[in-house]
Amino acid sequence: MDAKIIESAKEAVIKHDMDKAIELTNSSIADGVNPLELMNDAFIPAINAVGDLFGRGQLFLPELVQAADVMKAVTALINDALPDKADEKAGTILIATVKGDVHDIGKGIVVSMLNANGFTVHDLGRDVATELIVDKAIELDVDVIGTSALLTTTMGCQKDLEKILKDKGVRDKFKTIVGGAPVTVRWADKIGADAYAEDAQDAVVKIKALLGK
Ligand code: B1M
């Protein structure tokens, strides 16, 4: 990836310059840059830099919100540039960001990667009640339930999900996968999830493994 693109993406997201970010995305894709590399190597580090500045108190909530809006717009453009080849036989995934958590940029990238790899994905969105996730998984008879949590305070919902599945006697019907910035393989093991994925590419690898593909 061209260092100039990485630098421009960082500047556009940190300064929440929507026009610049859209122009950079469109021109890079038109120039033949791989959309996924553009996301992984330029835009994800850019929004993470925003998170670091926010964490250090060098950037405030209104700017974080605007940077996230830029990121959402870029993600939509990158998603449109990815192939969508849904195929029921590859497997069916239900995915949601957990209750109390509105962070959905990363989940959106995971959904795109799963779609691009042939999976049928039912995306329930963000801030989704755990009981609803379980009810929908049963109704849609999916193979895998995936949850994303970005806050240490909302990770517990991933644990609740495992308990509700057990209480309803349906734990064996589904494979579960967890992800999100504060989530670790240790957490996945602790709560009894079947898999943990570090990023969207890893989610595809882990889900294929869970489904024996
Ligand atoms: Co928030 N936020 N935020 N935020 N935000 C974080 C998470 C934070 C780490 C920032 C910080 O302090 N440095 C911090 C959490 C601290 C903590 O819990 N320890 C934080 C906070 C505190 C908050 C608020 C509480 C701020 C406030 O109101 N005072 C608030 C909470 C709102 C709520 O959810 N109830 C809040 C709000 C927001 C915005 C709305 C402004 C916005 C979200 C907009 C949106 O998503 N629509 C936002 C953003 C953008 C961030 C940061 C900067 C970036 C998150 C992001 O999109 N990253 C974030 C800092 C950070 O994470 N470094 C931060 C890019 C994305 C591609 O990565 O989501 O990790 P990520 O997804 C990756 C992997 O994790 C993985 O694959 C993805 C692609 O590679 N993955 C999965 C994710 N889900 C997966 C699921 C899988 C598998 C893999 O299987 C199912």
Side-chain angles (χ1 to χ4, degrees), residues 9-10 13-14 16 35-76 78-79 82 91-117 119 121-128 133 137 142-158 161-162 174-185 187-188 191 193-210:
K10 192 172 169 186
V13 178
I14 289 178
H16 43 84
L36 278 178
E37 282 178 22
L38 185 63
M39 176 54 78
N40 290 335
D41 299 348
F43 282 106
I44 291 181
I47 190 73
N48 284 339
V50 169
D52 291 344
L53 290 169
F54 176 72
R56 292 201 297 266
Q58 290 171 321
L59 186 145
F60 300 99
L61 194 56
E63 294 155 295
L64 178 65
V65 172
Q66 290 180 69
D69 287 345
V70 169
M71 196 61 193
K72 291 281 276 186
V74 164
T75 306
I78 290 180
N79 286 351
L82 292 175
T92 313
I93 323 295
L94 181 87
I95 194 163
T97 299
V98 298
K99 185 73 191 154
D101 200 325
V102 303
H103 296 87
D104 63 355
I105 295 170
K107 171 182 66 64
I109 297 168
V110 173
V111 170
S112 307
M113 280 298 287
L114 291 172
N115 280 329
N117 280 273
F119 292 100
V121 185
H122 299 282
D123 183 357
L124 296 188
R126 57 188 190 173
D127 188 15
V128 184
I133 298 176
V142 298
D143 301 308
V144 180
I145 304 173
T147 49
S148 180
L150 263 288
L151 298 170
T152 45
T153 49
T154 59
M155 286 164 65
C157 294
Q158 294 176 326
L161 177 83
E162 298 294 331
F174 308 104
K175 298 290 183 192
T176 58
I177 181 165
V178 291
V183 177
T184 59
V185 67
W187 171 248
I191 66 173
D194 294 307
Y196 157 76
E198 190 180 359
D199 57 29
Q201 187 63 52
D202 193 29
V204 171
V205 171
K206 296 286 168 59
I207 288 175
K208 281 186 176 167
L210 286 176

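Excluded from the calculations below are hydrogen atoms, water molecules and symmetry mates; all remaining heavy atoms, backbone and side chain alike, are included. Start at 1 with the first residue, then count along the sequence. Remember, it's 1-based here, ligands and their atoms both numbered in the order they're listed.
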Indicate whether atom 42 (C) of ligand 1 is within a distance of less than 4.0 angstrom of some protein heavy atom.
yes

Show me which atoms of ligand 1 lie under 4.0 Å from any heavy atom of I44.
67 (C), 80 (O)

How far is atom 47 (N) of ligand 1 from its nearest protein heavy atom, and which residue and atom is that?
D104 OD1, 2.7 Å

Would you say atom 38 (C) of ligand 1 makes contact with the protein, given that contact here means a non-hydrogen protein atom less than 4.0 Å away?
yes

the protein heavy atom lying closest to atom 61 (C) of ligand 1 turns out to be N48 OD1, 4.0 Å

Got a protein heavy atom sitting under 4.0 Å from atom 8 (C) of ligand 1?
no

At under 4.0 Å between heavy atoms, which part of D199 makes contact with ligand 1: side chain, backbone, both or neither?
both

Just to verify, what does K10 make a salt bridge (Lys or Arg N to Asp or Glu O under 4.0 Å) with, not counting sequence neighbours?
none

Can you name the atoms of ligand 1, numbered from 1 with element, that are less than 4.0 Å from a heavy atom of G146?
91 (C)

Any side-chain heavy-atom pair of M39 and M71 under 4.5 Å
yes

Ligand-side contact atoms (ligand 1) for residue partner G100, heavy atom cut-off under 4.0 Å:
33 (C), 34 (O), 35 (N)

Check ligand 1 against I105 and write out every atom of the ligand that is under 4.0 Å from a heavy-atom position of the residue.
45 (C), 46 (O), 57 (O)

Is there a protein heavy atom at a distance of less than 4.0 Å from atom 17 (C) of ligand 1?
yes

Tell me the side chain to side chain donor-acceptor pair (under 3.5 Å) pairs involving residues 200-210, sequence neighbours left out?
D202-K206

Looking at side-chain heavy atoms only, is the closest gap between N115 and L82 below 4.5 Å?
no

Nearest to atom 86 (C) of ligand 1, what protein heavy atom do you find, and at what distance?
G179 CA, 3.6 Å

How far is atom 28 (O) of ligand 1 from its nearest protein heavy atom, and which residue and atom is that?
L61 CD2, 3.7 Å

Donor + acceptor pair across side chains of D104, T97 (<3.5 Å)
no

Give the atom numbers and elements of ligand 1 that come within less than 4.0 Å of a heavy atom of D101.
34 (O)

Among all protein heavy atoms in this structure, tell me which lies nearest to atom 89 (C) of ligand 1, with the distance rounded to 0.1 Å.
A197 O, 3.5 Å

Are V128 and K99 packed together at the side-chain level, in the sense that at least one heavy-atom pair is separated by less than 4.5 angstrom?
no

Is it the side chain (CB and beyond), the backbone, both or neither of M71 that lies under 4.0 Å from ligand 1, heavy atoms counted?
neither

Is there a protein heavy atom at a distance of less than 4.0 Å from atom 24 (C) of ligand 1?
no

Output the list of atoms in ligand 1 that are nearer than 4.0 Å to some heavy atom of V102, sorted by atom number.
32 (C), 33 (C), 34 (O), 40 (C), 45 (C), 46 (O), 47 (N)

Tell me, do V178 and L161 make a side-chain contact under 4.5 Å, heavy atoms counted?
no

Contacts of atom 1 (Co) of ligand 1 with protein N/O/S atoms, counting only those under 2.8 Å
H103 NE2

Heavy atoms of T176 and A193 approach each other most closely as OG1-CA, 3.3 Å

Pick, from A181, G106, A200, the option with the minimum heavy-atom distance to atom 75 (O) of ligand 1.
A181

So do the side chains of V183 and M155 get within less than 4.5 Å of each other, counting heavy atoms only?
yes

Could you give the distance from OG1 (T152) to CH2 (W187), rounded to the nearest 0.5 Å?
10.5 Å

Could you check if a side-chain atom of D69 sits within less than 4.5 angstrom of a side-chain atom of H16, using non-hydrogen atoms only?
no

Less than 4.5 Å apart, side chain to side chain, heavy atoms only: is that true for V204 and L114?
yes

Distance in Å, T92 OG1 paired with H122 NE2, rounded so as to fall on 0.5 Å steps:
5.5 Å

Atom pair CD1 (I105) and CZ (R126), whose distance is rounded to the nearest 0.5 Å:
9.0 Å

Is it true that K206 lies under 4.0 Å from ligand 1, counting heavy atoms only?
no

In Å, rounded to the nearest 0.5 Å, how long is the span from CD of Q66 to CG of L61?
10.5 Å

Where's the contact between V65 and ligand 1, heavy-atom distance under 4.0 Å: side chain, backbone, both or neither?
both

To the nearest 0.5 Å, what is the distance between CG on N117 and CD1 on I93?
10.5 Å

Of the backbone atoms (N, CA, C, O) and the side-chain heavy atoms from C-beta on, which set of T152 has a member under 4.0 Å from an atom of ligand 1: side chain, backbone, both, or neither?
both

Could you tell me which atoms of ligand 1, counted from 1 in the order shown, lie closer than 4.0 angstrom to a heavy atom of I109?
67 (C)

Suppose we measure from atom 65 (C) of ligand 1 to each protein heavy atom; which comes out shortest, and what is that distance?
I47 CG2, 3.3 Å

Near R126 (heavy-atom distance under 4.0 Å), the atoms of ligand 1 are 47 (N)

Which residues share a side chain to side chain donor-acceptor pair (under 3.5 Å) with T154, sequence neighbours left out:
D101

Calculate, to the nearest 0.5 Å, the distance between atoms CG and CG belonging to D127 and L124 respectively.
12.0 Å

Decide yes or no for D199 and M113: does some side-chain heavy atom of the first lie under 4.5 Å from some side-chain heavy atom of the second?
no

Could you find the nearest protein heavy atom to atom 81 (N) of ligand 1 and give me its residue, atom name and distance?
G180 N, 3.6 Å

Mark the output for P182 as yes if a heavy-atom distance to ligand 1 is under 4.0 Å, and as no if none is.
no

Is D194 reaching over with its side chain to a backbone N or O of I177, donor-acceptor style, under 3.5 angstrom?
no

Determine whether the side chain, the backbone, both or neither of T147 has a heavy atom under 4.0 Å from any heavy atom of ligand 1.
backbone

If you scan protein heavy atoms around atom 84 (N) of ligand 1, the nearest is S148 OG, 2.7 Å

